[in-house]
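Here is the naming used below: chain letters follow the sequence lines, and residue numbers restart at 1 for every chain.
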Number of protein chains: 4
Amino acid sequence: MEFDQHLPIYMQIMHVIKNRIVSGQLRGGDKLPSVRDLAKEFKVNPNTIQRCYQELERENLVFTQRGLGTFVTEDVETIKNLKTGMAQELTQNYLEQMQRLGFTPQEIIKLISTRVNRRDDHD
Amino acid sequence: MEFDQHLPIYMQIMHVIKNRIVSGQLRGGDKLPSVRDLAKEFKVNPNTIQRCYQELERENLVFTQRGLGTFVTEDVETIKNLKTGMAQELTQNYLEQMQRLGFTPQEIIKLISTRVNRRDDHD
Amino acid sequence: MEFDQHLPIYMQIMHVIKNRIVSGQLRGGDKLPSVRDLAKEFKVNPNTIQRCYQELERENLVFTQRGLGTFVTEDVETIKNLKTGMAQELTQNYLEQMQRLGFTPQEIIKLISTRVNRRDDHD
Amino acid sequence: MEFDQHLPIYMQIMHVIKNRIVSGQLRGGDKLPSVRDLAKEFKVNPNTIQRCYQELERENLVFTQRGLGTFVTEDVETIKNLKTGMAQELTQNYLEQMQRLGFTPQEIIKLISTRVNRRDDHD
DNA sequence: GTGGTCTAGACCACA
DNA sequence: GTGGTCTAGACCACA
């Protein structure tokens, strides 16, 4: 068992940015905040943001233009893949944990249906 | 933004034990490992386990008998409530994260149905 | 027979603080001494005071604000309940011990009436 | 503040015996248990009982006859004084604690009357 | 051996 | 400075 498993900060920030991209807060072609600005927003060393942008670029989610900044990819397909990938990871984790609690697939789908419908009604 | 999600160790261990209870690995009346043994298993100070067991007792999930040990509650209702409570928390978190990714309730339920069914086929 | 009545220190200190609250030395909203200060006052380890404050919080007699301190509840009803609860415990113990000495209820009430009246005269 | 105020064991045992005398479990002239027997009953060193009997004799509550044992005084007056003395000590402590909680003499007598009467009804 | 309490002292987040 | 958690290690009562 490990109890200090928390992800490196740069990965946590990558995750936040991916969320913003997938949810449409950041759209294809949008400029990301400057390394310094984002470092301030997250109260984090600029190097950490730098690393974060590097990794995002490696995943083709952003690209940088010397002297201009870092931008969200305009490749719709990449973003779409990101979205489905993240959704599947979330869903897989969720299902695994529910089954570990002893819920059968049928029970899970029933439970989630009622909750989703309830949200439909109220929100 | 918060980058130190670090739940206290004693709570993480509480969570592990709750999982064991809910999943049936630990059944009503079963003896939990001794404070010292579990401390070794988790490579943690006995006081931390002590705190963990105390909190579990406060939640009526276990009871202790001086000089004998700590035991899982025999109250089926309490365990049942724990199970539904944990399931609802997992489900709520899952739904929130999915909606933050931009999935509508309909999309979520569709995605989860297909995955659950796939599991049905393969497992 | 039990000759080690030794109530845990943290409970004894809880009792002291409850007395201060009930008697009005500490009023709703008042800040309690810091964990470290009270530890010095009682010549006791800060952890012991920590435990004490935690239990008091669990009984809703105090609340803590991270980084600011621990404060007496402002809920008048809670304090009132505490007061009557403590009074009843004291009274019950007193009556039990008197009856163990062989005093009948009538004798007890007579004895206490005369003493209380004497106090009335002199104080 | 002192937190390990517990009375010496021999005094605690004196108190128990005084209770037995005052309540009539032990009557004037009755033989007390032998030092050894009482030591067993209280799981205590015989020396402790010896000390206890000595002090009780100093207070004229018991007398010893070489080779026969220790006996409760036959002086009715002494026992009566013991009884009233113990009752007054209990009562005084009770009243002090109640007043420290902020109860007025009138409130105390009212509270105790209702409790005593309730006992009258039910016991 | 079992849990319960306590000390001494560290490090943390929050303000 | 404030409370919160944790370690290392001690001693206790109960069985």
Side-chain angles (χ1 to χ4, degrees), chain A residues 1-6 9 12 42-44, chain B residues 1-15 17 29-58 61-73, chain C residues 1-15 17 29-58 61-73, chain D residues 1-6 9 12 42-44:
Chain A
M1 295 295 302
E2 257 323 308
F3 291 111
D4 255 325
Q5 78 289 55
H6 68 166
I9 292 175
Q12 295 181 46
F42 288 155
K43 289 174 188 164
V44 129
Chain B
M1 288 303 297
E2 252 328 303
F3 292 113
D4 204 347
Q5 79 288 51
H6 182 62
L7 208 55
I9 296 175
Y10 77 91
M11 283 191 191
Q12 295 182 45
I13 297 178
M14 282 174 73
H15 200 262
I17 292 174
D30 280 0
K31 187 178 172 307
L32 297 179
S34 81
V35 165
R36 288 158 177 80
D37 286 354
L38 201 58
K40 274 179 205 150
E41 182 186 342
F42 286 155
K43 287 175 190 162
V44 125
N45 188 283
N47 281 332
T48 303
I49 303 296
Q50 179 65 32
R51 173 83 186 266
C52 170
Y53 279 11
Q54 248 168 32
E55 301 290 337
L56 288 170
E57 181 156 24
R58 192 126 24 192
L61 296 173
V62 308
F63 61 95
T64 68
Q65 285 187 281
R66 198 71 190 276
L68 288 178
T70 303
F71 302 84
V72 178
T73 181
Chain C
M1 289 304 298
E2 253 328 305
F3 293 112
D4 205 345
Q5 79 287 53
H6 183 64
L7 207 57
I9 295 176
Y10 78 90
M11 283 191 189
Q12 296 182 44
I13 298 178
M14 283 174 73
H15 200 262
I17 292 175
D30 280 0
K31 188 179 172 305
L32 296 178
S34 82
V35 166
R36 288 158 177 81
D37 285 353
L38 201 59
K40 274 179 205 152
E41 182 186 342
F42 287 154
K43 287 174 189 162
V44 126
N45 188 285
N47 280 334
T48 303
I49 302 296
Q50 179 66 32
R51 174 82 186 267
C52 170
Y53 279 11
Q54 249 170 30
E55 300 290 338
L56 289 171
E57 182 157 21
R58 194 129 18 195
L61 296 174
V62 307
F63 61 94
T64 69
Q65 287 189 279
R66 199 69 191 275
L68 288 179
T70 303
F71 302 84
V72 177
T73 181
Chain D
M1 293 297 301
E2 257 324 309
F3 291 111
D4 254 326
Q5 78 289 53
H6 71 163
I9 293 177
Q12 295 182 46
F42 288 154
K43 288 174 189 162
V44 128

Interatomic spacing from [atom1] in [X] to [atom2] in [Y] - rounded to 0.5 Å:
| X | Y | atom1 | atom2 | answer |
| --- | --- | --- | --- | --- |
| B/Glu55 | B/Ile17 | CD | CD1 | 12.0 Å |
| C/Leu56 | C/Ile49 | CG | CD1 | 10.0 Å |
| B/Tyr10 | B/Tyr53 | OH | OH | 16.0 Å |
| B/Met14 | B/Arg58 | CE | CZ | 10.0 Å |
| C/Asn47 | C/Gln54 | CG | CD | 9.5 Å |

Checklist entry - Does DNA chain E take part in any stems of at least 3 consecutive Watson-Crick or G-U pairs (both distances under 3.5 Å), and if so, which ones? => result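 The stems are E:1-14 with F:1-14.
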Item to check | C/Leu7 to C/Gln12 - nearest heavy-atom pair and separation | outcome: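 Looks like O-NE2, 2.6 Å.
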Next on the checklist: Generate the contact string for nucleotides 2-8 of chain F. Rules: B means base contact, S means sugar-phosphate contact only, - means no protein heavy atom under 4.0 Å.
Outcome noted: BBSBBBB
Under 3.5 Å donor-acceptor pairs involving side-chain atoms of residues 31-38 of chain C, not counting sequence neighbours:
residue	atom	partner	partner atom	Å
C/Ser34	OG	C/Arg36	N	3.4
C/Ser34	OG	C/Asp37	N	3.0

Checklist entry - Heavy-atom distance under 4.5 Å between the side chains of C/Thr48 and C/Cys52, does that happen here? => result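 The answer is no; the side chains never approach within 4.5 Å.
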Next on the checklist: Please report the distance, rounded to the nearest Å, between CD1 in C/Ile49 and P in F/dG1.
Outcome noted: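 Rounded to the whole Å, the gap is 18 Å.
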